[in-house]
Amino acid sequence: MTEATVERIRLFLIESPIKMARLQGVGNVKGTVKRVLIELTASDGVIGWGEAAPWEVFTGTPEAAFSALDIYLRPIVLGKPVRRIRALMAELDRALVGHAEAKVAIEMALLDIVGKSAGLSVADLLGGRVRDTIPLSFSIADPDFVADLERMRKMVPDGNVIYKVKTGVKPHCEDLDHLEAIRKEFGDTVDLRVDYNQALAPFGAIKILRDVEQFAPTFIEQPVPRKYLDVMAQLTAALETPVLADESCFDRRDMMEVVRREAADAVSIKLMKAGGLFEAQAIMSIADIAGLPGYGGTLWEGGIGLAAGTQLIAATPGISLGCEFYMPHHVLTEDVLEERVANRAGHVVVPDGPGLGIRVSEASVRANARVLAEA
């Protein structure tokens, strides 16, 4: 039997309007978000989709990801067997430094093809499900805190109880006022987390974070910049609240260093950082050995990337702190899926279908596309 190979590649640089601005410690977003979609067609006609969603202040630019895929990675991928994913990913790493988002988009699309061909979900290909739903965290990041509070009033009765407050952008006293307002209105019925996105300087960080601890957050995410890993370790040792590493941990080497220095109590696993679903599982395996739970983080992915993330978490026991896969339902005005991945009672429902378990709308892709390349 002839082994199916990659016969065609289409790339789309898309730009999607968002419903509200988002303030983050490392950078802000308003108006629109850009990302790159890739469609691979195998020689047997099976189609797979992937997504690259860089953020210029975090990993890179969508335009750079598009160019990496179109100019450097396309010639390598065309003609390759669709089932030999690990071998191809190793070849991509040798051919191009960095560009994790571009590489994970290719891996996503290949897994989508293999899953569809075999009648298996990507979670099945990654070892099988350990969970069918994932607790959903919504980020409180609107410049208008009153608007976010009103969203919470609508979401909490529907079972959405996990909220991550983006801190360090506004004055510290305002952050405390916002945390107090949430606790005053919702009490312990909500699981409250805070995320500084590297916003704090090492000097004085401990005092600020001890102020925050009075509101009993589940964790404090990445309080200081990535380069201050020793400070992360000091804060982890000094605080009662668990510290979660995000920007401090992109790959396995980072994870080993976080563990060695005891620089965090938990870790954010993001496909756009890891550069692959297999790589994300490898990172989590190191965290598992050290007893650090994982959290399903994102950049600005739409439905394709988040479907892949959902499949990953479904098959990875250690990613047990929920996920922040709220963009398609709450932030994007329009996504590219025919039907969004379901949210139910504050949880993301893992799709049941083969591959990523989604159907992409060609019309929506083309309506949002700014640049198209195919061969």
Side-chain angles (χ1 to χ4, degrees), residues 22-29 53-60 100 137-141 162-170 172 175 178-179 191-213 215 217-274 280 283-284 286-287 290 292-301 309 319 321-325:
R22 315 297 288 161
L23 295 185
Q24 320 269 95
V26 71
N28 306 323
V29 174
W55 185 19
E56 59 271 17
V57 299
F58 201 108
T59 55
S137 171
F138 180 77
S139 291
I140 304 301
I162 305 177
Y163 296 90
K164 190 169 74 169
V165 182
K166 295 291 185 175
T167 45
V169 182
K170 298 178 180 179
H172 178 51
D175 286 340
H178 295 166
L179 293 169
D191 177 340
L192 193 60
R193 298 138 182 227
V194 297
D195 182 5
Y196 279 90
N197 278 116
Q198 310 183 85
L200 297 182
F203 185 79
I206 187 66
K207 183 179 186 303
I208 290 171
L209 298 179
R210 282 186 172 142
D211 288 343
V212 167
E213 284 197 297
F215 301 106
T218 298
F219 60 68
I220 297 171
E221 185 170 347
Q222 196 67 40
V224 296
R226 166 184 168 83
K227 62 184 177 181
Y228 296 121
L229 198 59
D230 286 338
V231 178
M232 286 283 288
Q234 293 164 12
L235 295 172
T236 299
L239 296 169
E240 292 185 13
T241 303
V243 172
L244 183 140
D246 180 9
E247 289 91 338
S248 288
C249 185
F250 275 65
D251 55 26
R252 281 175 284 175
R253 187 179 296 275
D254 285 347
M255 188 73 254
M256 290 178 67
E257 196 63 12
V258 167
V259 170
R260 186 181 72 82
R261 298 201 206 180
E262 298 182 345
D265 301 292
V267 62
S268 176
I269 301 294
K270 294 180 177 176
L271 288 178
M272 298 302 136
K273 292 191 301 181
I283 294 168
M284 198 60 231
I286 298 169
L292 276 60
Y295 171 70
T298 64
L299 293 183
W300 304 107
E301 295 97 310
I319 308 179
L321 297 176
C323 70
E324 56 192 25
F325 298 171

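For the numbers below, each heavy atom of this structure counts, side chains included, while hydrogens, waters and symmetry mates do not.
- Annotation: side chain of E324 is in contact with side chain of K270 (closest heavy-atom distance under 4.5 Å).
- Looking only at distances, a side-chain donor or acceptor of T236 sits under 3.5 Å from a matching main-chain atom of A263.
- The number of heavy atoms from other shown groups lying within 6.0 Å of CZ (F219) is above 12.
- Considering all non-hydrogen atoms of both residues, A100 and A274 come closest at CB-C, 4.4 Å.
- The shortest non-hydrogen separation linking L271 to A280 is CD2-CB, 4.1 Å.
- In this structure, Q198 CD and K227 NZ are separated by 9.5 Å, a value rounded to the nearest 0.5 Å.
- The line from CG of L200 to OH of Y228 is 12.0 Å long, rounded to the nearest 0.5 Å.
- The two atoms that bring P223 and L235 nearest to each other are CG-CD1, 3.7 Å, heavy atoms only.
- Between the CD atom in Q234 and the CG atom in L229 there is a gap of 10.5 Å [rounded to 0.5 Å].
- Considering all non-hydrogen atoms of both residues, R252 and I283 come closest at N-CG1, 3.7 Å.
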Intermediate values then yes/no, side-chain contact (heavy atoms from CB on, under 4.5 Å), V258 and V267: CA-CA 9 Å; V258 167; V267 62; over 6 Å; no
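- Between V194 and F215 the shortest side-chain heavy-atom distance does not fall below 4.5 Å.
- At least one side-chain heavy atom of I206 sits under 4.5 Å from a side-chain heavy atom of L239.
- The neighbour count for E56 CD, taken as heavy atoms of other residues, nucleotides or ligands under 6.0 Å away, is above 12.
- Residues satisfying the salt bridge (Lys or Arg N to Asp or Glu O under 4.0 Å) criterion with K273, sequence neighbours excluded, are D246.
- You'll find the side chain of Y295 stays beyond 4.5 Å of the side chain of T218, heavy atoms only.
- Closest heavy-atom contact between P293 and D265: CD-O, 3.3 Å.
- The structure places CG of D195 at 6.5 Å from OG1 of T167, a figure rounded to the nearest 0.5 Å.
- Residue K166 is tested with D175, N197, I140 for a side-chain contact (heavy atoms from CB on, under 4.5 Å); the sole match is N197.
- Of the residues listed (R261, Q222, E257, R226), the one engaging S248 in a side-chain hydrogen bond (donor to acceptor under 3.5 Å, both in side chains) is Q222, and it is the only one.
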Just do the side-chain contact (heavy atoms from CB on, under 4.5 Å) check on I319 and M284 with the steps written out, would you? CA-CA 8 Å; I319 308 179; M284 198 60 231; 3.9 Å; yes
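- Looking at E221 and R193, their side chains never come closer than 4.5 Å, going by heavy atoms from C-beta outward.
- Atom CG of L321 and atom CG of L292 lie 10.0 Å apart (nearest 0.5 Å).
- Scanning both residues, S268 and G297, for their nearest heavy atoms gives OG-CA, 3.7 Å.
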Given M272 and F58, is the side-chain contact (heavy atoms from CB on, under 4.5 Å) satisfied, shown in steps? CA-CA 10 Å; M272 298 302 136; F58 201 108; over 6 Å; no
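- The CD atom of E213 sits 12.0 Å away from atom CG of L179, with the distance rounded to the nearest 0.5 Å.
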